[in-house]
Number of protein chains: 2
Amino acid sequence: MGELDKKRELIVESAIKRFSHFGIQKTTMNEIADDISVTQPALYYYFPDKMTLVIAVVERIMNQYFEELHKCMDGLQSLDEEFYCILTLRKKFMERYFMLKLTEATQEVGQIHDSCQPIMKKAHIKEAAFVTGLLEKAVNNGSISKIDPHKMSGLYIDVLTGLSMFVFITKNKKLFPGNEEFEAILTKQEEFTKVFISGLKTSK
Amino acid sequence: MGELDKKRELIVESAIKRFSHFGIQKTTMNEIADDISVTQPALYYYFPDKMTLVIAVVERIMNQYFEELHKCMDGLQSLDEEFYCILTLRKKFMERYFMLKLTEATQEVGQIHDSCQPIMKKAHIKEAAFVTGLLEKAVNNGSISKIDPHKMSGLYIDVLTGLSMFVFITKNKKLFPGNEEFEAILTKQEEFTKVFISGLKTSK
DNA sequence: ATCTGACCTTTTTTATAATTTGGTCAAAAA
DNA sequence: TTTTTGACCAAATTATAAAAAAGGTCAGAT
């Protein structure tokens, strides 16, 4: 890793910290510049604009997610275990990066968030493909019936996301969701997963 | 029905029309007064404030929903048919009364919407109880396994609502959702319902 | 190749005035 | 007595303009 990439890393790390805590909108390029003890124009030597930096940050987070996803999946056998692992990891990342509003439960439509859309879509497809893989394995196992893995993985992830939004919107009268909200989400998702897997065993 | 109630009806009907089209916030008491050809203070003889009128409107809508729900349920046998009927009716009402934002997919927290919360909660409980009844019947039928009807009905409705929010938030870049969005919601809900019912047959 | 100070333009914030809206009340009309 | 009105008020909303802050550029220093 060259000196240039090393500095880029430094910038991204500072950005992740500030974005996670204050949100993207409330973080200025000046603050990030101060963090790494350079003037603000120096930042623009490494990232042409804020949008590019945001994308780099989101990309890094999603990569980390998939890295941990593969790691925690190690040694698991049943679909139940695997799905539970996904739910837990999702909760972890949702709590950690809630302020980035990547699932944009709000509709403060900044062009910044629009720029994240392609990368989030890519991540969504990747995650769906991963779940599809798990389902295909289970089908071949014979542990579930011959459903359409692609279709079912999409449905599964959409419901998970939908349940998150449901809890955030209906129970989130406070400014920020607390541990209770994240726990409520996980509980609902677990309940759903149980029935869902049962359904996959006999469906069609 | 006395003369007083008749006029109240008139006011509520005008309010429903304007609320459905322009939303609650963008409808003024003056406009409603004009609709029924009286001055604005006359309105306050029938409803002490706007909040009370809004509640009357929402109550009327929910009553209509449950009335139609019972009606369209007539003669249906299987859980599949009954759930499909619910989905269709939900779509109908969601399309018709979207502008009231009763599920508040937005977080424009007006005290007006807060005042609707109790009545919406009541309606939610009522709907959940209704679905619970369907599930109990199915359990006694033997058409599904001995699950917890109360818990499963809550889960089912939460997922339905979550899927609505999911589509609205992720696909609604336009100001208003169109027919495509409502269709997308219905499709997802149908797919989910299929697996869900399968799951109920073998769960636990 | 990396960084800075000076500079520019566009957004966002702030402060303030104008308007609208929800709501009240004494008195008139029915 | 029941219903409606015109006149009125206070709070919320909107409109406008000024001030500040933000993103971004660039020639030149290191």
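Per chain, numbering begins at 1; letters A, B, ... match sequence-line order. If you're wondering where the values come from, they're calculated on a predicted model, not measured in any experiment.
Looking at A:Glu68 and A:Gln64, their side chains do bring a donor and an acceptor atom within 3.5 Å of each other. Judged purely by distance below 3.5 Å, without hydrogens or angles, the side chains of B:Thr161 and B:Asp158 never pair a donor atom with an acceptor atom.
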Distances under 3.5 Å between protein N/O atoms and the N/O atoms of nucleotides 27-30 of chain C, please, pair by pair.
none

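Looking at every heavy atom in both residues, A:Gln189 comes nearest to A:Thr193 through O-OG1, 2.7 Å. Contact record, B:Phe182 with B:Pro177: CE1-O, 3.8 Å, taken as the closest heavy-atom pair.
Residues from residues 38-50 of chain B placing a heavy atom under 4.0 Å of any atom in DNA chain D, listed by number, are B:Val38, B:Thr39, B:Pro41, B:Ala42, B:Tyr45, B:Tyr46. Within residues 10-17 of chain B, no residue places a heavy atom under 4.0 Å from DNA chain C.
The pair B:Arg60-B:Glu9 meets the salt-bridge criterion, with a side-chain N (NZ, NE, NH1 or NH2) lying under 4.0 Å from an Asp/Glu carboxylate O. Taking a cutoff of 4.0 Å between a charged side-chain nitrogen and a carboxylate oxygen, B:Glu67 and B:Lys71 qualify as a salt bridge. B:Glu183 and B:Lys91 are joined by a salt bridge, as a carboxylate oxygen and a charged side-chain nitrogen come within less than 4.0 angstrom of each other.
Other residues, nucleotides and ligands contribute at most 12 non-hydrogen atoms within 6.0 Å of the CG atom of A:Asp74.
To the nearest 0.5 Å, atoms CD1 (B:Ile24) and NE2 (B:His113) are separated by 4.5 Å. Taking CG of B:Asp34 as the start and OG1 of B:Thr28 as the end, the distance is 7.5 Å to the nearest 0.5 Å.
The overall bend of the helix from C:dA1-D:dT30 to C:dA30-D:dT1, read as the angle between its terminal helix axes built from five base pairs each, is 40° when rounded to 10 degrees.
One can place CE of A:Met51 at 15 Å from P of C:dT11, the figure rounded to the nearest angstrom. Residue A:Leu4 contributes atom CG, which lies 13 Å from atom C1' of C:dC3 at whole-angstrom precision. Distance B:Ile24 CD1 to C:dG22 P: 12 Å, rounded to the nearest Å. Between A:Asp5 atom CG and C:dA1 atom P the separation is 14 Å, expressed in whole Å. Going from atom NZ of B:Lys26 over to atom P of C:dT21 covers 10 Å, rounded to whole Å.
Of the listed residues (B:Val57, B:Asn63, B:Val58), just one forms a side-chain contact (heavy atoms from CB on, under 4.5 Å) with B:Ile61, and that residue is B:Val57.
The aromatic rings of A:Phe192 and B:Phe192 are tilted relative to each other, their planes meeting at an angle between 30° and 60°. Between B:Tyr156 and B:Phe83, the ring planes are parallel. Angles under 30° get that label, and only those over 60° would be called perpendicular.
Between A:Arg8 and A:Phe47, some side-chain heavy-atom pair lies under the 4.5 Å cut-off. Contact annotation: the side chain of A:Val195 never approaches that of A:Glu191 to less than 4.5 Å [non-hydrogen atoms, C-beta and beyond].
Note on B:Thr27: only backbone sugar-phosphate atoms sit closer than 4.0 angstrom, heavy atoms only; bases stay farther off.
On the nucleic acid side, DNA chain D has its first and last nucleotide under 4.0 Å of a heavy atom of chain A at D:dA22 to D:dC26, going 5' to 3'.
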Please report, to 0.1 Å, the donor-acceptor pairs under 3.5 Å made by any side chain of residues 118-128 of chain A, with sequence neighbours excluded.
unit_1: A:Glu127; atom_1: OE1; unit_2: A:Arg90; atom_2: NH2; d: 3.2
unit_1: A:Glu127; atom_1: OE2; unit_2: A:Tyr65; atom_2: OH; d: 2.6
unit_1: A:Glu127; atom_1: OE2; unit_2: A:Arg90; atom_2: NE; d: 3.1

